[in-house]
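Just so we're clear, the structure is a prediction, and the values are computed from it rather than from any experiment.
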Amino acid sequence: MKTINSYTIKNKSGMTAELTNYGTKITRLLVKDKNGKFDDVVQGFDTLQENIDKEPYFGATCGRYANRIKNGEFTLDGVKYTLAKNNGGNALHGGIVGFNAKIWDVIKQSDNSISMQYISPDGEEGYPGTLTTVVTFTITEANELKIEYKATTDKATVIGLTNHSYFNLKGAGNGTVRDHILQINADFHTVLDDTASPTGEIRPVDHSPFDFRNPTVIEKYIDAEEYVPGRGIDNNWTIRKNQPGELALAATLYEPTSGRVMEVLTTQPGVQVYTANWVEKQTGKYGKTYAEQDSICLETQNFPNSPNIAHFPSSVLRPGEVYEEVCIYKFSIK
């Protein structure tokens with residue numbers, strides 16, 4: 001039986017992350033505010049057992065395919081694959097027991113960095129190929145939490161990994177994120193159908209509540225009609241890039257009272273913004289209460305449902321290829 005443990009990494013100025021190898025979850029992230037005070041800016045729970053038993057995606061690595069695959073099926077090289085459905089008729093975040101609920105092996109650790117590996121067998125949750133995945137978390141001296149993903153397969157498969165941390169820059173449990181100021185570096189978003197899966201249409205954000213190209217208070221748009229079906233924002237934007245795969249700024253989040261700024265950089269083509277619309281009211285760390293819209297996820301990812309939409313960026317990984325993606329959450333103060 002593999003053991004589940006907690007691990008701590010930090011930089012010289014005190015920025016600290018606590019992680020567990022259950023789902024490679026980030027369970028604490030301590031970051032300074034404008035007065036030099038550290039707060040924990042991610043939602044989670046005080047004990048390892050609660051981090052296992054409660055909200056499945058808090059801080060977790062989601063895979064084999066993050067977000068939704070419509071009807072839980074796709075065709076690859078002429079073969080149709082049927083996945084475990086766990087979101088109405090769709091497959092969400094890798095299925096019933098996704099990477100977020102697996103015990104990973106710690107393969108490398110230092111004061112400021114940790115690498116964890118999971119080998120997903122051929123056919124797990126319906127996905128083809130034995131997939132070997134390594135996720136490395138590093139806290140740099142520039143106050144970045146850097147997440148590096150690497151994966152290889154022995155058979156053609158689809159892959160899309162993300163981290164699902166729930167942020168509140170006032171400190172987790174310190175109220176709503178409706179007052180946070182969000183900027184998304186995107187001119188287009190992917191349009192959703194009534195099951196919250198992309199239809200394939202990529203629509204300009206102009207003159208719509210999807211236009212976060214300038215810093216915008218989340219409250220301005222979160223109740224817009226377009227977001228009502230998801231009870232708030234739960235959508236994918238297509239990040240503005242000079243070339244595919246470049247590390248580019250996806251979004252910036254700012255919270256005025258703490259002065260904290262979080263920049264999100266990624267090599268991936270999309271970012272899912274989710275305002276925790278379905279989080280049930282519950283007690284989290286330090287006895288604080290979490291409820292809907294008290295946090296925000298900025299999940300860098302391939303577009304949802306990419307395996308079924310030919311003009312979306314490819315999610316296919318073949319033997320001999322290496323899947324490599326990076327996400328950086330960079331903290332500063334203003």
Side-chain angles (χ1 to χ4, degrees), residues 17 19-27 29 42-44 51-52 54-70 72 74 83-88 90-104 116-120 124-127 131-137 145-151 153 157-167 190 196-198 230 234-237 250 264 266-279 295-307 312-313 315 317 323-329:
L19 306 105
T20 170
N21 60 324
Y22 179 82
T24 55
K25 292 183 179 186
I26 299 164
T27 55
L29 186 61
V42 295
Q43 288 189 348
N51 280 305
I52 292 165
K54 293 186 176 178
E55 292 287 339
Y57 302 120
F58 275 5
T61 297
C62 295
R64 233 183 245 207
Y65 201 88
N67 218 304
R68 289 167 181 82
I69 295 181
K70 175 123 173 116
F74 66 91
L83 307 172
K85 294 175 188 177
N86 62 330
N87 180 250
N90 299 327
L92 175 70
H93 292 327
I96 296 161
V97 187
F99 287 7
N100 61 291
K102 301 293 183 184
I103 303 174
W104 293 55
M116 304 191 205
Q117 176 177 279
Y118 176 66
I119 298 170
S120 173
E124 185 171 71
E125 299 290 311
Y127 289 91
L131 186 78
T132 301
T133 303
V134 175
V135 182
T136 301
F137 300 87
L145 174 63
K146 184 179 187 184
I147 308 172
E148 297 166 279
Y149 303 96
K150 265 191 179 179
T153 184
T157 190
V158 297
I159 179 173
L161 303 177
T162 196
N163 179 271
H164 211 308
S165 288
Y166 288 65
F167 295 98
T190 51
S197 276
D234 191 8
N235 297 79
N236 174 68
W237 276 259
V264 185
T266 184
T267 52
Q268 300 224 61
V271 60
Q272 182 87 8
V273 178
Y274 172 55
T275 48
N277 317 313
W278 301 91
V279 171
S295 56
I296 183 169
C297 304
L298 294 155
E299 306 157 59
T300 64
Q301 59 175 21
N302 198 345
F303 300 170
N305 201 29
S306 272
F312 276 10
S315 56
L317 181 68
Y323 171 91
E324 286 187 273
E325 301 288 357
V326 176
C327 170
I328 295 172
Y329 295 109

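Summarising the geometry of Leu19 relative to Thr27, their closest heavy-atom pair is N-OG1, 4.0 Å, with the distance given to 0.1 Å. Minimum interatomic distance between Lys102 and Gly98 (heavy atoms only, all atoms of both residues): CG-O, 3.4 Å. When all heavy atoms of Tyr329 and Asn163 are compared, the closest pair comes out as OH-O, 4.0 Å. Taking each heavy atom of Asn302 and Pro313 in turn, the nearest pair found is ND2-O, 3.3 Å. The shortest heavy-atom contact between Ser197 and Arg68 is OG-CB, 3.7 Å. When all heavy atoms of Val135 and Tyr149 are compared, the closest pair comes out as CG2-CD2, 3.8 Å.
Of the inter-residue distances, the one linking Thr267 atom OG1 with Glu325 atom CD reads 3.5 Å to the nearest 0.5 angstrom. With values rounded to the nearest 0.5 angstrom, Tyr22 atom OH is found 13.5 Å from Met116 atom CE. How far OG1 of Thr275 is from CG of Leu298: 10.5 Å, rounded to the nearest 0.5 Å. Note that the NE2 atom of His164 and the CG atom of Asn67 stand 7.5 Å from one another [nearest 0.5 Å]. Leu161 CG to Glu148 CD: the interatomic distance, rounded to the nearest 0.5 Å, is 13.5 Å. Rounded to the nearest 0.5 Å, atoms SG (Cys62) and OH (Tyr57) are 6.5 Å apart.
Proximity of Phe303 to Pro198: side-chain heavy atoms (C-beta onward) are nowhere separated by under 4.5 Å. Here the side chains of Arg64 and Thr157 are in contact, with some heavy-atom distance below 4.5 Å. You'll find the side chain of Thr266 stays beyond 4.5 Å of the side chain of Val271, heavy atoms only. Proximity of Asn236 to Gln272: side-chain heavy atoms (C-beta onward) are separated by under 4.5 Å at one or more points. Taking 4.5 Å as the limit, every side-chain heavy atom of Thr190 sits out of range of all side-chain heavy atoms of Asn305. Contact check for Val264 versus Phe167: no side-chain heavy atoms found under the 4.5 Å cut-off. No side-chain heavy atom of Thr153 sits under 4.5 Å from any side-chain heavy atom of Ile159.
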List the steps and the verdict of side chain to side chain contact (heavy atoms under 4.5 Å, CB included) for Thr61 and Phe137. CA-CA 11 Å; Thr61 297; Phe137 300 87; 4.2 Å; yes
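With hydrogens and angles left out, the side-chain atoms of Ser315 and Ser306 include no donor and acceptor closer than 3.5 Å.
Ring-plane geometry between Trp104 and Tyr118 is classed as tilted, the angle between the planes lying from 30 to 60 degrees on a 0 to 90 degree scale. Note on ring orientation: taking the six-membered ring where Trp is involved, the planes of Tyr274 and Tyr166 are perpendicular (angle over 60°, cut-offs 30° and 60°).
Crowding of Lys146 atom NZ: a count of heavy atoms from other residues, nucleotides or ligands under 6.0 Å not exceeding 12. Within 6.0 Å of NZ in Lys85 there are more than 12 heavy atoms belonging to other residues, nucleotides or ligands.
Tyr127 has its ring centre no less than 6.0 Å from the ring centre of Tyr65.
Evaluated for a side-chain contact (heavy atoms from CB on, under 4.5 Å) with Glu125, the options Leu83, Asn86, Ile96 yield exactly one hit, Ile96.
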